[in-house]
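Residue numbers start at 1 and run along the sequence shown. Just the heavy atoms: all of them, side chains too, but no hydrogens, waters or symmetry mates, feed the values below.
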Amino acid sequence: MSSKSKSTIYWTLMEHEGWTLNIAATQKGLCFVGSKNQPFEELSTWAEKRYPSSTLIRDDEKLQPYVVEITEYLHGYRKEFTIPMDYHGTEFQVSVWNALCEIPFGETRTYSDIAKHIQKPAAVRAVGTAIGANPVLITVPCHRVIGKNGSLTGYRGGLEMKKHLLTIEREGREK
């Protein structure tokens with residue numbers, strides 16, 4: 001993303017059953033969901049790199065619609081997000097993130113599946129790198145991507161978080 005003039009990123013600290021998540025949004029939509037129980041520095045470091053001329057302002061009220069949908073998801077009630085998103089990356093990254101959003105709730109895909117889906121079957125490693133750069137965990141469901149052999153592979157939020165999200169979805173599909 002190109003650097004914009006002065007912009008504001010609103011953020012809040014969401015708490016859910018022992019988890020804390022820093023989440024942030026621009027005027028256009030959700031732009032960041034942090035890793036489980038990470039300090040504010042995870043968000044501020046990301047913002048400095050992606051939005052270098054931005055100001056971070058805590059606004060719990062403005063972020064409430066995002067908190068509600070993520071909380072509903074974590075309870076297993078929400079299978080799709082309707083909140084607006086505002087994620088930026090390279091054209092390749094955005095194509096990967098958009099492909100992730102097409103993976104149905106409760107299903108998984110491999111890195112190879114994603115590479116084929118975006119019509120770049122030889123770009124499996126690049127797909128992995130793009131997935132690792134996903135700024136909006138949970139809502140852009142990179143946790144639904146697993147290794148070819150079915151193993152859980154790297155996740156910015158940690159494998160424990162990835163496993164938990166997949167369990168929520170497995171149990172949610174059974175409801």
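Atom CD of Gln64 has more than 12 neighbouring heavy atoms from other residues, nucleotides or ligands inside a 6.0 Å radius. Counting non-hydrogen atoms of other residues, nucleotides and ligands closer than 6.0 Å to NZ of Lys120 gives a total of 12 or fewer. Atom CD of Gln119 sits in a sparse spot, with 12 or fewer heavy atoms from other residues, nucleotides or ligands closer than 6.0 Å.
Residues Val33 and Arg156 come closest through the heavy atom pair O-NH2, 3.0 Å. Ala123 approaches Ala115 most closely through the heavy-atom pair C-CB, 4.3 Å. Shortest non-hydrogen contact noted between Ala47 and Ser54 is O-OG, 4.2 Å. Residues Cys142 and Tyr155 come closest through the heavy atom pair SG-CE1, 3.5 Å. Heavy atoms only, all atoms of each residue included: Phe92 and Ala126 are closest at CE2-O, 3.5 Å.
Here the side chain of Asn37 pairs a donor or acceptor atom with the backbone of Thr20 at under 3.5 angstrom. At least one donor-acceptor pair closer than 3.5 Å links the side chain of Glu69 to the backbone N or O of Thr82. A donor-acceptor pair is defined here as one N or O able to donate and one able to accept, closer than 3.5 Å; no such pair exists between the side chain of Lys79 and the backbone of Pro104.
For the pair Glu17 and His75, the minimum side-chain heavy-atom distance is below 4.5 Å. Under the 4.5 Å side-chain criterion, counting only non-hydrogen atoms from C-beta, Leu166 is in contact with Leu152.
Under the 30°/60° scheme for interplanar angles, the aromatic rings of His164 and Trp19 are found to be tilted.
Clustering ILVMFWY residues whenever any of their side-chain heavy atoms sit less than 4.5 angstrom apart, transitively, puts Phe40 in the very cluster that holds Trp46. Under a hydrophobic-cluster definition in which Ile, Leu, Val, Met, Phe, Trp and Tyr are linked whenever side-chain heavy atoms come within less than 4.5 Å, directly or via other members, Val94 and Phe81 are assigned to the same cluster.
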Tell me, with the steps shown, if Cys31 and Ile9 meet side-chain contact (heavy atoms from CB on, under 4.5 Å).
CA-CA 9 Å; Cys31 63; Ile9 298 175; 4.0 Å; yes
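A side-chain N or O of Tyr73 and one of Glu169 form a donor-acceptor pair less than 3.5 Å apart. Side-chain contact, Thr153 with Tyr111: a donor N or O sits under 3.5 Å from an acceptor N or O. At a cut-off of 3.5 Å, with distance as the only test, no side-chain donor of Asn98 or Ser95 sits close to an acceptor on the other residue.
Residue Thr12 is tested with Leu21, Leu63, Asp59, Asn22 for a side chain to side chain contact (heavy atoms under 4.5 Å, CB included); the sole match is Leu63.
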